[in-house]
Q: 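Below are the structure tokens for one structure; questions will follow.
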Amino acid sequence: MSDDPLPHSFFARPAPEVAPDLLGRVLRCTLPAGTVELRLTEVEAYQGPDDPASHAHRGPTARNAVMFGPPGYAYVYFTYGMHFCVNLVCGPGGVPGAVLLRAGEVVAGLELARGRRTTSRRDTDLAQGPARLTTALGIDRSHDGADLDGPVLRLFPGTPPPAERIRSGPRTGIAQAAETPWRFWTEGEPTVSPYRAHTPRRR
DNA sequence: GGTAAGATCCGCT
DNA sequence: GCGGATCTTACCT
């Protein structure tokens, strides 16, 4: 990977526009233990303040402050008492938005990622799910606000999939605005759960 | 000062 | 498919 990282201007668009453009991109995380690189296969967009599912919906707080800052930085939060999730802050000035990284394929640092994900039975499970993804990369709250063109986190152009392989659907695990198709994934990737490719039943 | 819900994962059935 | 683990955040009284 000798390409230059994507510039901050890449993120200076609404999150629902940036999200599909993140598929196939490569996120590198460099820590004292070593480097892990992840090719993104599934993401979700959150665009506040009118998005009731977004952490930014109720205005700025100590936790979500990074979402209200400039694009091109990481927003990391803790949830369910045991998990971290990482977002990439997006959006034109003044509009809080972010893209949650849900899944990816480990393309470098496989041994290190396996060591962090001891419960994983297959390599495709290493970063299948937003909390597994942060564990595999070694990301925690200390990376909240980290520059995506910085010494720890860097996002490289990678190889985006052809447009016909990009799918979208409802976001996962949230009660509000579940009908908004702001989840994007690459069709045919083993790191994306197959059942998610189908339209969920309505009742 | 108390409480309910949460952008989840894992093991068991 | 279901429920437990585990704790922070935000909101209410």
Side-chain angles (χ1 to χ4, degrees), chain A residues 11 14-20 22-23 27 38 40-68 71 73-91 95-106 113-146 148 167-185 190-198 200-203:
Chain A
F11 301 96
E17 184 181 325
V18 176
L22 283 170
L23 297 173
L27 180 65
L38 190 80
L40 300 175
T41 57
E42 184 181 354
V43 300
E44 275 181 10
Y46 292 84
Q47 178 81 348
D50 295 329
D51 178 1
S54 171
H55 285 180
H57 180 234
R58 298 174 205 265
T61 65
R63 176 173 71 154
N64 67 20
V66 175
M67 281 187 76
F68 290 84
Y73 294 82
Y75 165 47
V76 182
Y77 68 92
F78 186 73
T79 191
Y80 289 97
M82 58 187 82
H83 298 303
F84 295 103
C85 295
V86 62
N87 301 254
L88 309 186
V89 176
C90 298
V95 179
V99 178
L100 171 70
L101 306 186
R102 292 197 56 89
E105 176 194 359
V106 176
R114 286 172 181 152
R116 287 167 172 160
R117 291 270 303 119
T118 55
T119 59
S120 175
R121 297 298 299 161
R122 304 171 212 151
D123 287 345
T124 51
D125 293 338
L126 289 173
Q128 185 173 66
R132 293 169 171 179
L133 184 151
T134 57
T135 301
L137 289 175
I139 291 175
D140 60 33
R141 274 293 307 275
S142 72
H143 301 105
D144 188 39
L148 295 174
R167 298 283 184 274
S168 65
R171 292 176 293 185
T172 316
I174 54 177
Q176 298 282 342
E179 71 284 356
T180 307
W182 281 356
R183 180 170 55 87
F184 301 90
W185 67 94
T191 51
V192 178
S193 301
Y195 68 87
R196 288 183 185 152
H198 302 146
R201 290 190 295 247
R202 272 192 59 88
R203 54 154 283 119

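Chain identifiers are assigned alphabetically (A, B, ...) following the order of the sequence lines, protein sequences preceding nucleic acid strands; residue numbering begins at 1 within each chain.
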Q: Give a yes/no answer on whether the side chain of Thr79(A) brings an N or O atom under 4.0 Å of OP1 or OP2 in dG6(B).
A: no

Q: Arg116(A) CZ to dC9(B) P: how many Å, rounded?
A: 17 Å

Q: Side chain of Tyr75(A) only, heavy atoms from C-beta on: which candidate in dA10(C), dC10(B), dA7(B) is closest?
A: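 In terms of side-chain proximity for Tyr75(A), the closest of dA10(C), dC10(B), dA7(B) is dA7(B).
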
Q: Between P on dG6(B) and CE on Met82(A), what's the gap in Å once rounded to a whole number?
A: 16 Å

Q: Would you write the dot-bracket representation of DNA chain B, where each base gets (, ), [, ], | or . depending on whether it forms a Watson-Crick or G-U pair under 3.5 Å and with which partner?
A: ||||||.|||||.

Q: dC10(B), OP1 or OP2 - any side-chain N/O from Arg121(A) closer than 4.0 Å?
A: no

Q: Just how far, in rounded Å, is P of dC10(B) from CG of Asp125(A)?
A: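 After rounding, the gap between these two atoms is 8 Å.
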
Q: Please state how far atom CG in Leu126(A) lies from atom C1' in dC9(B), giving the value in whole angstrom units.
A: 15 Å

Q: Below the 4.0 Å mark, does dA7(B) have OP1 or OP2 next to a side-chain nitrogen or oxygen of His55(A)?
A: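 Yes.
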
Q: Under 4.5 Å between any side-chain heavy atoms of Tyr75(A) and Asn64(A), yes or no?
A: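 Yes. Closest side-chain heavy atoms under 4.5 Å.
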
Q: Rounded off to whole Å, could you give me the CD-to-C1' distance for the Glu42(A) and dT8(B) pair?
A: 13 Å

Q: In this structure, how many angstroms lie between the C1' atom of dC11(C) and the CZ atom of Arg58(A), rounded?
A: 8 Å

Q: Output the rounded distance in Å from CZ (Arg171(A)) to P (dG6(B)).
A: 14 Å

Q: Between atom CG in Asn64(A) and atom C1' in dT9(C), what is the gap in whole Å?
A: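 Between C1' of dT9(C) and CG of Asn64(A): 10 Å.
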
Q: Using the side-chain heavy atoms of Arg117(A), tell me which of these nucleotides is nearest: dA7(B), dC10(B), dC9(B).
A: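 Looking only at side-chain atoms, Arg117(A) lies closest to dC10(B).
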
Q: Check step by step if salt bridge (Lys or Arg N to Asp or Glu O under 4.0 Å) holds for Arg102(A) and Glu44(A).
A: CA-CA 7 Å; Arg102(A) 292 197 56 89; Glu44(A) 275 181 10; 3.4 Å; yes

Q: With the side chain of Tyr80(A) defined as its heavy atoms from C-beta on, choose the nearest nucleotide among dC10(B), dT8(B), dT9(C).
A: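 Of the candidates, dT8(B) comes closest.
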
Q: Could I get the full list of salt bridge (Lys or Arg N to Asp or Glu O under 4.0 Å) partners for Asp144(A), not counting sequence neighbours?
A: none

Q: Please tell me which of His83(A) and Thr61(A) maps to the more 5' nucleotide of DNA chain C, matching each residue to the nucleotide holding its nearest heavy atom.
A: His83(A)

Q: Is it the case that Glu105(A) and Thr41(A) place a side-chain donor and acceptor less than 3.5 Å from each other?
A: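 The answer is no; no qualifying pair exists.
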
Q: Provide the closest heavy-atom pair for Phe11(A) versus Leu22(A) in the form atom of the first, atom of the second, distance.
A: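 Taking Phe11(A) first and Leu22(A) second, the nearest heavy atoms are CE2-CD2, 4.5 Å.
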
Q: Within less than 4.0 Å of OP1 or OP2 of dC11(C), is there a side-chain N or O belonging to Arg63(A)?
A: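 Arg63(A) to dC11(C) OP1/OP2: no side-chain N or O under 4.0 Å.
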
Q: Between dC9(B), dT8(C), dA7(B), which one does the side chain of Phe78(A) approach most closely?
A: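 Given the options dC9(B), dT8(C), dA7(B), the side chain of Phe78(A) is closest to dT8(C).
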
Q: Would Gln47(A) and Val95(A) satisfy side chain to side chain contact (heavy atoms under 4.5 Å, CB included), going step by step from the backbone distance to the final call?
A: CA-CA 8 Å; Gln47(A) 178 81 348; Val95(A) 179; 3.3 Å; yes

Q: Please test Val106(A) against Asp123(A) for side chain to side chain contact (heavy atoms under 4.5 Å, CB included), starting from the C-alpha separation and ending with a verdict.
A: CA-CA 8 Å; Val106(A) 176; Asp123(A) 287 345; over 6 Å; no

Q: For a quick test of reading the model: is some side-chain N or O of Arg132(A) closer than 4.0 Å to OP1 or OP2 of dC10(B)?
A: yes

Q: Using a 4.0 Å heavy-atom cut-off, does Arg141(A) contact any base of the nucleic acid, only the sugar-phosphate backbone, or nothing at all?
A: sugar-phosphate

Q: At their closest point, which heavy atom of His143(A) faces which heavy atom of Ala74(A), and how far apart are they?
A: O-CB, 3.9 Å

Q: Choosing from dC10(B), dA7(B), dC9(B), which nucleotide comes nearest the side chain of Met67(A)?
A: dA7(B)

